[in-house]
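The chains referred to below are lettered A, B, ... by the order of the sequence lines, with proteins before strands, and numbering in each begins at 1.
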Protein chains: 2
Amino acid sequence: MLSKKAQYAFRALTHLAENYNKGPVLISEMAKKKRIPLKFLENILLELKKEDILESKKGRGGGYYLKEHPSKTYIATVIRIVDGPISLLPCVSLYFYQRCKNCNEKQCGLHDMMKDVRDATLKILERRTLKDLV
Amino acid sequence: MLSKKAQYAFRALTHLAENYNKGPVLISEMAKKKRIPLKFLENILLELKKEDILESKKGRGGGYYLKEHPSKTYIATVIRIVDGPISLLPCVSLYFYQRCKNCNEKQCGLHDMMKDVRDATLKILERRTLKDLV
DNA sequence: TAAAACCCTACTCATTTGGTAGGGTTTTAT
DNA sequence: ATAAAACCCTACCAAATGAGTAGGGTTTTA
């Protein structure tokens, strides 16, 4: 399951995608419109900025905006930033791989199956972008 | 991510699948062979029994065994019993559906996307069975 | 009839989730 | 130049979940 944090992130990003190239958007505006706790949203946006999804402008007339065109930011990227691994097992994760003890990957049936699930999932999440959310 | 509980469940079920029709298997045997905390495993097996995946026999010579042929028990079923929902959002879950507030399902882009992910995932997990794990 | 095996309740400890509170620091339009 | 607007940072907290432990029943059946 995606965390609430991730759901908030997508709600905010959708809003930013809708306002792409219309100048920075205030946190407070997004928080209010999308009913997201303001301080919580602040954290999320900071993280997305640190990870190069967003940019921000300070001062009066400032706010957050997408770094690139919505069609350039993949859903999978956002999930990985906010929630971490997408795979169902650490031992099949591409970005958060961890060896699993007590199971030989070469001959573990579950491993193979979860790899298939991962591939099917990524086929969707690594192709679709913020543009598909608006 | 699958919980450790689910991973343990699959390890135990794999063992039971390998010993299908060879009589009941002791909890203690599975715990030892698969390195699963015994009491924790006990809970898992009880749950799987209550949900009609397993049957058990008490007394000397007793133990647990699969209720049906390994090819009859779907991976998705086991995950739902042990971990709950497979979907990434409650509002696209088939067995654990929950309406999401603040988002209209008809026009929520995330909803549609996660539905596609769900379908792709279930296409695998609802076809494969314990037999595929051995 | 007692050893073997299943069943049940309750507790615990660590981590994660979903936030709050509050106070900076920087910017920039006026 | 300055104050209002906006971003940034640290710390805390409560509830839920995950991952078990402990310990004592109860039921079978060889």
Side-chain angles (χ1 to χ4, degrees), chain A residues 1-12 16 19 23-32 34-51 53-65 67 79 81-85 88-90 96 98 100-102, chain B residues 1-12 16 19 23-32 34-51 53-65 67 79 81-85 88-90 96 98 100-102:
Chain A
M1 283 274 182
L2 295 181
S3 66
K4 286 201 106 182
K5 194 174 167 191
Q7 295 179 53
Y8 288 151
F10 282 117
R11 292 235 293 279
L16 292 176
N19 290 279
V25 180
L26 303 183
I27 297 187
S28 53
E29 185 194 322
M30 281 188 273
K32 203 174 172 194
K34 301 289 184 176
R35 290 208 204 81
I36 305 172
L38 189 136
K39 289 298 228 168
F40 197 37
L41 177 58
E42 218 181 303
N43 281 319
I44 296 168
L45 296 178
L46 278 173
E47 209 170 347
L48 291 172
K49 185 192 162 171
K50 199 169 52 196
E51 299 291 334
I53 305 296
L54 300 180
E55 286 191 334
S56 64
K57 186 165 177 267
K58 289 185 187 177
R60 176 176 285 177
Y64 277 100
Y65 52 97
K67 187 170 188 184
I79 294 180
I81 290 171
V82 178
D83 272 2
L88 290 178
L89 288 179
F96 300 87
Q98 276 185 296
C100 49
K101 31 191 170 304
N102 309 333
Chain B
M1 280 275 181
L2 294 182
S3 66
K4 287 202 106 183
K5 195 175 166 191
Q7 295 179 53
Y8 288 152
F10 281 117
R11 292 236 291 280
L16 291 177
N19 290 280
V25 179
L26 302 183
I27 297 187
S28 53
E29 184 195 322
M30 281 188 272
K32 202 174 172 195
K34 301 288 183 176
R35 291 210 204 78
I36 305 172
L38 190 136
K39 288 298 227 167
F40 197 35
L41 178 57
E42 218 181 304
N43 281 319
I44 297 167
L45 296 178
L46 278 173
E47 209 169 348
L48 291 172
K49 186 192 161 172
K50 198 168 53 197
E51 299 291 334
I53 304 296
L54 301 179
E55 286 190 334
S56 64
K57 186 166 177 267
K58 290 184 185 177
R60 177 176 285 175
Y64 277 100
Y65 52 98
K67 187 170 187 182
I79 294 180
I81 290 171
V82 178
D83 272 1
L88 289 178
L89 289 179
F96 300 86
Q98 275 185 296
C100 49
K101 30 190 169 303
N102 308 336

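A donor-acceptor distance shorter than 3.5 angstrom exists from the side chain of D83(A) to the backbone of S3(A), with no hydrogens or angles considered.
Remark: K5(A) is not in phosphate contact with dT16(C), judged by side-chain N or O atoms under 4.0 Å from OP1 or OP2. Residue S56(A) has a polar side-chain atom (N or O) positioned under 4.0 Å from OP1 or OP2 of dC8(D). Checking the phosphate oxygens (OP1, OP2) of dG19(C), a side-chain nitrogen or oxygen of Y8(A) falls inside 4.0 Å. Between Y64(B) and the phosphate of dC7(C), there is a side-chain N or O to OP1/OP2 separation shorter than 4.0 Å.
Counting all heavy atoms, side chain and backbone alike, K34(A) lies closest to R11(A) at O-NH2, 2.6 Å. Taking every heavy atom of both residues into account, L89(A) and Q7(B) meet most closely at CD2-CD, 3.6 Å. The nearest pair of heavy atoms linking A9(A) to I44(A) is CB-CG2, 3.7 Å.
Rounding to whole angstrom units, CZ of residue R35(B) and P of dA19(D) are separated by 19 Å. As rounded to whole Å, 14 Å separates atom P of dC9(D) from atom CG of L45(A). Nucleotide dC6(C) holds its P atom 11 Å from the CD atom of E29(B), rounded to whole Å. Nucleotide dA6(D) holds its P atom 13 Å from the NZ atom of K32(A), rounded to whole Å. Atom CD of E47(A) is separated from atom C1' of dC9(D) by 14 Å (rounded to the nearest Å). Rounding to whole angstrom units, NZ of residue K58(B) and C1' of dT29(D) are separated by 12 Å. dT28(D) atom C1' lies 11 Å from atom CZ of R60(B), rounded to whole Å. For the pair L38(B) CG and dA4(C) P, the interatomic distance rounds to 15 Å; values are reported in whole Å.
For G61(B) and G61(A), each mapped to the nucleotide of DNA chain D holding its nearest heavy atom, the one lying further toward the 5' end belongs to G61(A). The residue among F40(A) and G59(A) whose nearest nucleotide of DNA chain C is located toward the 5' end is F40(A).
Taking a pair to require two hydrogen-bonding distances under 3.5 Å in either a Watson-Crick or a G-U wobble arrangement, dC8(C) pairs with dG23(D). The partner of dT17(D) is dA14(C), judged by Watson-Crick or G-U wobble contacts that both fall below 3.5 Å.
Each of dG19(C), dA19(D), dC8(D) was ranked by its minimum atom distance to the side chain of K4(A); first place goes to dG19(C). Which of dT28(C), dG19(C), dG18(C) sits closest to the side chain of K57(A) comes down to dT28(C).
Residue contacts shown for I27(A) are limited to sugar-phosphate atoms, with no base heavy atom under 4.0 Å away. Note on K50(A): nothing from the nucleic acid sits closer than 4.0 angstrom, heavy atoms only. Using a 4.0 Å heavy-atom cutoff across all strands shown, L26(A) reaches sugar-phosphate atoms only and no base atom.
Using a cut-off of 4.0 Å between Lys/Arg side-chain N and Asp/Glu carboxylate O, K5(B) and E47(B) are scored as salt-bridged.
On a pure distance criterion of 3.5 Å, no polar donor-acceptor pair joins the side chain of E42(B) and the base of dC6(C).
The closest side-chain heavy-atom distance from V82(A) to L48(A) is below 4.5 Å.
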